[in-house]
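Taking it in order: structure first as structure tokens, then the write-up.
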Amino acid sequence: MKFWIHTYGCQMNVRDSEAVEAMLTAAGHVKAENEDEAGLVIVNSCTVRQKAEEKAIGKAGNLIAARKLTGLMGCAVKRLGADVFKRLPGLDFAVAPRVFGLIPKIVAELESGARRRILELGDELVPGAMQAHAQSGFQAFVTVLLGCDNRCSYCIVPDVRGHEYSRPAKEILAEIEALARRGVSEVTLLGQSVLRYGIRNPAWENGAGEAFPRLLRAIAEIDGIERIRFTSAHPGGVTDALLEVYRDCPQVCRHIHLPVQSGSDRILREMGRRYTREEYLAAVRRLRALDPEFAVTTDVIVGYPGETREDFEATRSLMDEAGFDNSFIFKYSPRPGTRSALLPDDVSTEEKERRDQILLADQERRGLERNSRLVGTVRDVLAEGPSKRRAERWSGRDGGNRIVVWDAAEQKPQPGGKLALRIREAHPQILVGEPV
Ligand code: 5AD
Ligand code: SF4
């Protein structure tokens, strides 16, 4: 059967969709050219904010109306449980995040007419599912840590993605070796809080050293792996052992996505983030002491219950002090079952919008300022392909995950090809360079 997958949400979902694609292909199904051509369409849903969930449910509703065989996977399924069929009466199947590996079997059962309206909410990983990779380019995502035990007050992730579980290092290394043999040179390790790798359950057979820095070192040894990225991080994980890895292993990219959420100590405490503003800033300073060009990006929530103008101003000033290279701003959305959902959502929609716009404008200015410092420097870039906006330009990324574009007439390497670009122009979100 021809299939198509729509993915909403974070890189975890992107990765899970890719694994489903690989498994369906292995089972003899064919990826369609587009949605219209597909007989089976799967929507991979997110539920981190209410709007995200509504989008995925709306999309699935349209597909059902178009009489496609329709499945829903991902975080919204786990949150809704059996109610998912109340929201979407015509849905054929729904599968929670940890058990997406059951999808090929479910599709076979639906095709044979053996079962209908299948719901799988389990927490037990399906053997082999994590390792399935679709044939793709030089970049790959690898899930190293599942779930989350942090229990931040606002966050629904622990409810829908389950307990924290570190995959065995041996299994991850074998997976990356196989990817490298297929031509993958850049891997991104994924986990909700990836620096907690190996803390809840042992990841290595013998327990010497900090598990995550050790994993990075082992991956850096693999032939063909030129770049190692990971996301997301927590300032508590910015340890000496991690800094030593940055110092010793040029493959480990000098970019960290370090969600801060707020710059107000009072709000951080209420959120249960387990660091203070000063501890967060200290972690950033340690990274920048190692390398002033170290790229630091973040997530921020505006309009958390009780967030005053002063709290908001503390977030603004923290963002300037940290000098974020990029930031993602989210308007607070209460999620049923989380601790903060019990508090009044008392910052008005207009005020959330206003705070969002202010932080976006600040980031434009700050992004330009940070990028301007790189004019005249030479960046090592891995080519990705034609730029989305202007096809005569090619686009790639430097180690700091910064987008760098250049004139394709000057040089047009294969995707994954390395080139050195001297930066001649800076913009808030991109750099323009020329081959040297
Ligand atoms: N409301 C708004 N933003 C949220 N995030 C997580 N939960 C919520 C929520 N309830 C944001 C955080 C997180 C990012 C992925 O989404 O900033 O880092
Ligand atoms: Fe949510 Fe906190 Fe886990 Fe991030 S670390 S996913 S914010 S609970």
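Read the numbers this way: they start at 1 and go in the same order the structure lists the ligands and their atoms.
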For the pair Arg402 and Glu293, find out whether any cationic side-chain nitrogen is under 4.0 Å from an anionic carboxylate oxygen. no
Atoms of ligand 1 less than 4.0 Å from Gln261 heavy atoms? 12 (C), 13 (C), 17 (O), 18 (O)
Between the side chains of Glu278 and Arg285, is the shortest nitrogen-to-carboxylate-oxygen separation below 4.0 Å, so that they form an ion pair? yes
So, is Asp299 polar-close to ligand 1, with some N/O to N/O distance under 3.5 Å? yes
Between Arg227 and Asp380, is there a salt bridge with N-O shorter than 4.0 Å? no
Charged N to carboxylate O below 4.0 Å: is that the case for Glu18 and Arg15? yes
Does ligand 1 have a heavy atom under 4.0 Å from the side chain of Val48, from its backbone, from both, or from neither? both
Go through the side-chain N and O atoms of Asp398 and His255 and say whether any donor and acceptor fall under 3.5 Å apart. no
Atoms of ligand 1, numbered as shown, that sit under 4.0 Å from any heavy atom of Arg335: 10 (N)
For Tyr332, counting its heavy atoms only, list the atoms of ligand 1 lying under 4.0 Å from any of them. 1 (N), 2 (C)
Between Arg87 and Glu53, is the closest basic N to carboxylate O distance under 4.0 Å? yes
Under 4.0 Å, heavy-atom basis, I'd like to know which part of Tyr154 is in contact with ligand 1: side chain, backbone, both or neither. both
Numbered atoms of ligand 1 (with element) below 4.0 Å of Arg49, judged on heavy atoms: 1 (N), 2 (C), 3 (N), 4 (C), 5 (N), 11 (C), 16 (O)
Contact atoms of ligand 1, heavy-atom distance to Phe330 under 4.0 Å: 3 (N), 11 (C), 14 (C), 16 (O), 17 (O)
